[in-house]
Trainee: 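Encoded as structure tokens, here's the structure I'll be asking about.
Only a predicted model underlies this, so the values are computations on that prediction, with no experimental measurement involved. Residue numbers run from 1 in the order of the sequence given. Both counts, for ligands and for their atoms, begin at 1 and track the order of listing.
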Amino acid sequence: METTTDAEALLGEGPVLHLRGPILLGPEEELAEAWVAGGRIHHERPDLPAGAEVLEVDGFVTPGLADLHCHIGIGDGGGGTNLAEARAQAITDRDTGVLLIRDAGSIIDTRALQDHAPGAPGHRLPRLIRCGRHLARTRRYLRGYAHELEPDRLGEAVRIEAERSDGWVKLVGDWIDRAAGDLAPTWSGGDFAAAAEAAHAAGARITTHTFDEETLPLVLDAGFDCLEHATGLTDETIARAAAARVPVVTTLVNVDHFSEYAAQGERKFPAYAAHMRRLREGRFARTRSALEAGVPLLAGTDAGGVLGHGIIHDELDELARAGLDGTQILTAASWAPRQFLGVPGLEDGAPADLLVTAADPRRDHRVLRELRAVVLRGELLRPGR
Ligand SMILES: [Zn+2]
């Protein structure tokens, strides 16, 4: 972390904040108080210029929430948005306390939203880590979302997305097989292995959309770095994911909608419909088993496309229904994803991306719905702006 001896440099865009805590550094680690100056967190009171305005802020301080599966740039109904609409989506998420987004696939190029300078498209937007565009097998995903391709082009496509993205590639691993009338992997074990190898060779990590049971052993064999949805987890694949420390991004709000997807497919694909209902019914027990086995859980909303933005708190409520306590929920939605993505939390000198609540979110996650303050890059934000 850079340090400064120039007191003037500690004055950023807004007033210096004195956070009167407690400051929740991690599940079991806290600090009595901290300061925000020059856009950064300070564990010790910094030397301030004479006459510096200091705003006292009372409350529990946590790192900003993270949404590990979000789609900035996909509109309601599935088409690509323009940049202004994508910006509005990110602001909607930000105002719920999401200050870190891993975009799990976008139709449009959202790189401009990473320019946070005043007047730039990304001013006051959450930190965004992009996966590029989804890669899917031809006609084996929602129409219009992904680059659709055949196995002979997979390695090259992975390399291109690895280059274009922020170190993540997203591959759609399974979807309905209309001939079989049920979910099935969209690639062979060899294809998954080649995709993972291409991503890793390019210095990127690779994740996969997976609903069914058959895909998980294939992607775990292939060395995938993360699992999206993962509704098809079994005792065996839970044990494997735990041993390999491969996290699962939960998306339980989306999984709750599986009954609707089942109803839509019922007439033509009854086996698929029954399968989707089974996966939905098992969602809480499976999430709990994964947690108990030591699989890292990361909160993701799947906002954008089918689901609207601004739904992180609904996802946290679903995690509570699955049996996670407040500390486990905050771990899945804040501390663990930051660590997984290599983004700091509330360490001394870290960018000040934090939330203030009146009560302890470790005791009841629902206090995060009523944020007392949202601070992004040291700036105290006002909703919608
Ligand atoms: Zn998604």
Trainee: Quick one: report the N, O or S atom of Asp302 that is nearest to the Zn ion (ligand 1).
Mentor: OD1
Trainee: Find out whether the Lys NZ or Arg CZ of Arg137 is both under 6.0 angstrom from the six-membered ring centre of Trp187 and within 45° of the ring's axis.
Mentor: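 Geometry flag: set, cation within 6.0 Å and 45°.
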Trainee: Looking at His69, which of its N, O or S atoms is the nearest one to the Zn ion (ligand 1)?
Mentor: NE2
Trainee: Determine, for Asp221 against Arg240, whether the closest basic-nitrogen to carboxylate-oxygen distance falls under 4.0 angstrom.
Mentor: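 A salt bridge is present here (some side-chain N lies under 4.0 Å from a carboxylate O).
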Trainee: At less than 2.8 Å, would any N/O/S atom of His229, backbone or side chain, sit next to the Zn ion (ligand 1)?
Mentor: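 Within the cut-off used here (under 2.8 Å), His229 places no N, O or S atom near the Zn ion (ligand 1).
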Trainee: Using 4.0 Å as the upper bound for N to carboxylate O, is an ion pair formed by Asp177 and Arg139?
Mentor: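 So Arg139 does not pair with Asp177 through a salt bridge.
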Trainee: Would you find a donor on one side and an acceptor on the other, under 3.5 Å apart, between the side chain of Asp302 and the backbone of Thr251?
Mentor: no
